Amino acid sequence: MVNQLLFLYCAGVITAMGLLAVNFKNPVYSVLSVMVLFFHVAGLYLLLNAEFLAAIQIIVYAGAILVLYLFVLFLVSLRKEVKIERFIASHKISTLVSLALGGCLLAVIPSFKLGAKGQYPVARVEQLTHTKAMGLELYSNYILPFEIAGLILLIAVIGGLVLARNEKEVKE
Amino acid sequence: MQILTIVLQIAILLAIVLLHVAYATYFERKIIGHMQVRLGPMMVGYHGLLQPIADGIKSFFKEDIVPEQADRPLFLFAPVICLVTMLTSLAVIPFAKGWVLADINIGLLFIFAMSSLASYGVILAGWASNSKYTFLGGLRSMAQVISYELPLGLSLVGVMMLSGSLNLTTIVDSQGSSFSSMYLFPQLIGFFVFFVAMLAETNRVPFDLPEAETELVSGYITEYSGMRYALFFMAEYIGMMVMSSIGTICFLGGWNGPFEVPFFPPFWFILKVYGFLFLFIWIRATLPRYRYDQLMALGWKLLLPLALLNIFLTGLFKILVH
């Protein structure tokens, strides 16, 4: 019962903050509402006994990525508001399309079924601690996807370095 | 009933920690005074012993000024973020065997999460005050926190590998109670990286660029006054205490000491934390401030590779021993 209430609270706040993030005029406020959103996503992880993921969610997303977003926001001049032309000129068509999309999403809810129980029910995770359970799985059964993800990130880092490198420094 | 006991425990912990914070400022002023051949506070009470209380009352009754051009809600909220995140991390610190509010499995990660969130307070304070000095202070703090969080986290990975746990109580227990089994010795590189990153993370000298008095008035807190200024101040000192506690827990064997003190098990823990605080103050009295590019070079070119090397060596050692 308490768990369900907590889930409803987290889900409600996540939705509300998502909406606020899109609607705030001031981008700094948008970033802050996304931060609150990340907190409640971490709350959802905690409800699932995934404490390691919850901590990583806050450290990586709230603590590092959002701070970088703020950095970019501060360094870009906000005096001139960016105005982009609408993709679809008519307001009516866009309302219709979004309503239809929403209807589709609602329509697939009944087909949602719980999958078969895996190797890690709550009791086992609690006994192993979530960090250990995740580490064991990640470095044994999922080592290849893990390495591939690492490689992709490495490529991104090298790409960032190449882009950020100053041409003048190279010539000297 | 259970909730009531927890609330009571939290209240006691808060009261004790805030009292320690008040006297940590006295400690600092006295030590710096003596190191600079002055006496430090002498006027209020015997040898100035009541000075922190006088300071507290003063800042409490001072006017809380909000600049006209400031972003009012964020300006008011920023010091609260700073203090709350710092106070929250106190919950997972074990002061002695069983003396911990929340003995969670991810204690160490929780502290990282909270300390990375505390930077929001600083950044938002800098931005919301709408002044060039505070803004520069906020930007510097942001860059500093991002660059030093990595070595700070990686320096403790060695400790995690040796103890096999993220739970702070388990980390202390796995070090055993003898002097030579402290993680300080196998993790000497890790401790060095941790110590330097800790100074940077808490914005202390020689890494106090966010509030460099000589160039930025006092950085992100320039526009704050009265109680809100005091909140930042408390957050900084609690941050120092939390980081000292982490150092004590991860490298110095936590509450274990040469002999057990009856009736007061956290004795050694508190002594070690104060040892760290003394180091903080000593460094403040001796070292000049780093230049900004030196700060970045140190973080990325020295501390980060050293921390990675430490992880590699610890892993290698573990494999060879097994």
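If you're wondering where the values come from, they're calculated on a predicted model, not measured in any experiment. Naming convention: chains lettered A, B, ... in sequence-line order (proteins, then strands); numbering from 1 in each chain.
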Should we say atom CZ of A:Phe24 is surrounded by more than 12 heavy atoms from elsewhere, each under 6.0 Å from it? yes
Decide if atom NZ of B:Lys318 counts as having more than 12 heavy atoms of other residues, nucleotides or ligands within a radius under 6.0 Å. yes
Around B:Phe232, counting heavy atoms of other residues, nucleotides and ligands shown, do more than 12 lie under 6.0 Å from its CZ? yes
Heavy-atom nearest pair, A:Ala55 first then B:Leu109, reads CB-CB, 3.7 Å
Residue B:Ala128 versus chain A: region with a heavy atom under 4.5 Å: neither
Pick whichever of B:Leu139, B:Ile104, B:Leu74, B:Leu166 has the most heavy-atom pairs under 4.5 Å with chain A. B:Leu74
Please name the pair of heavy atoms, one in A:Gly63 and one in B:Ser116, separated by the smallest distance, quoted to 0.1 Å. CA-OG, 3.7 Å
Under the criterion side chain to side chain contact (heavy atoms under 4.5 Å, CB included), which of A:Ile58, A:Leu66, A:Val67 is the partner of B:Leu117? A:Ile58
Can you name the residues of residues 29-44 of chain A that have some heavy atom under 4.5 Å away from a heavy atom in chain B? A:Tyr29, A:Leu32, A:Met35, A:Phe39
Under 4.5 Å from any heavy atom of chain A, what part of B:Leu124 do you find: side chain, backbone, both or neither? side chain
So does B:Phe195 have more than 12 non-hydrogen atoms from other groups sitting under 6.0 Å from CZ? yes
Give, for atom CD1 of B:Ile106 and atom CG of A:Leu46, the distance between the pair rounded to the nearest 0.5 Å. 6.5 Å
Looking at A:Phe71, I'd like to know if its CZ atom is crowded, meaning that more than 12 non-hydrogen atoms belonging to other residues, nucleotides or ligands lie closer than 6.0 Å. yes
If you draw a 6.0 Å radius around CD1 in B:Ile3, do more than 12 non-hydrogen atoms from other residues or ligands fall strictly inside? no
CZ/B:Phe317: more than 12 non-hydrogen atoms of other groups inside 6.0 Å: no
Heavy-atom distance under 4.5 Å to chain A: side chain of B:Asp71, backbone, both or neither? side chain
With sequence neighbours excluded, tell me which residues meet ring-ring contact (aromatic ring centres under 6.0 Å, His included) with A:Phe146. A:Tyr139
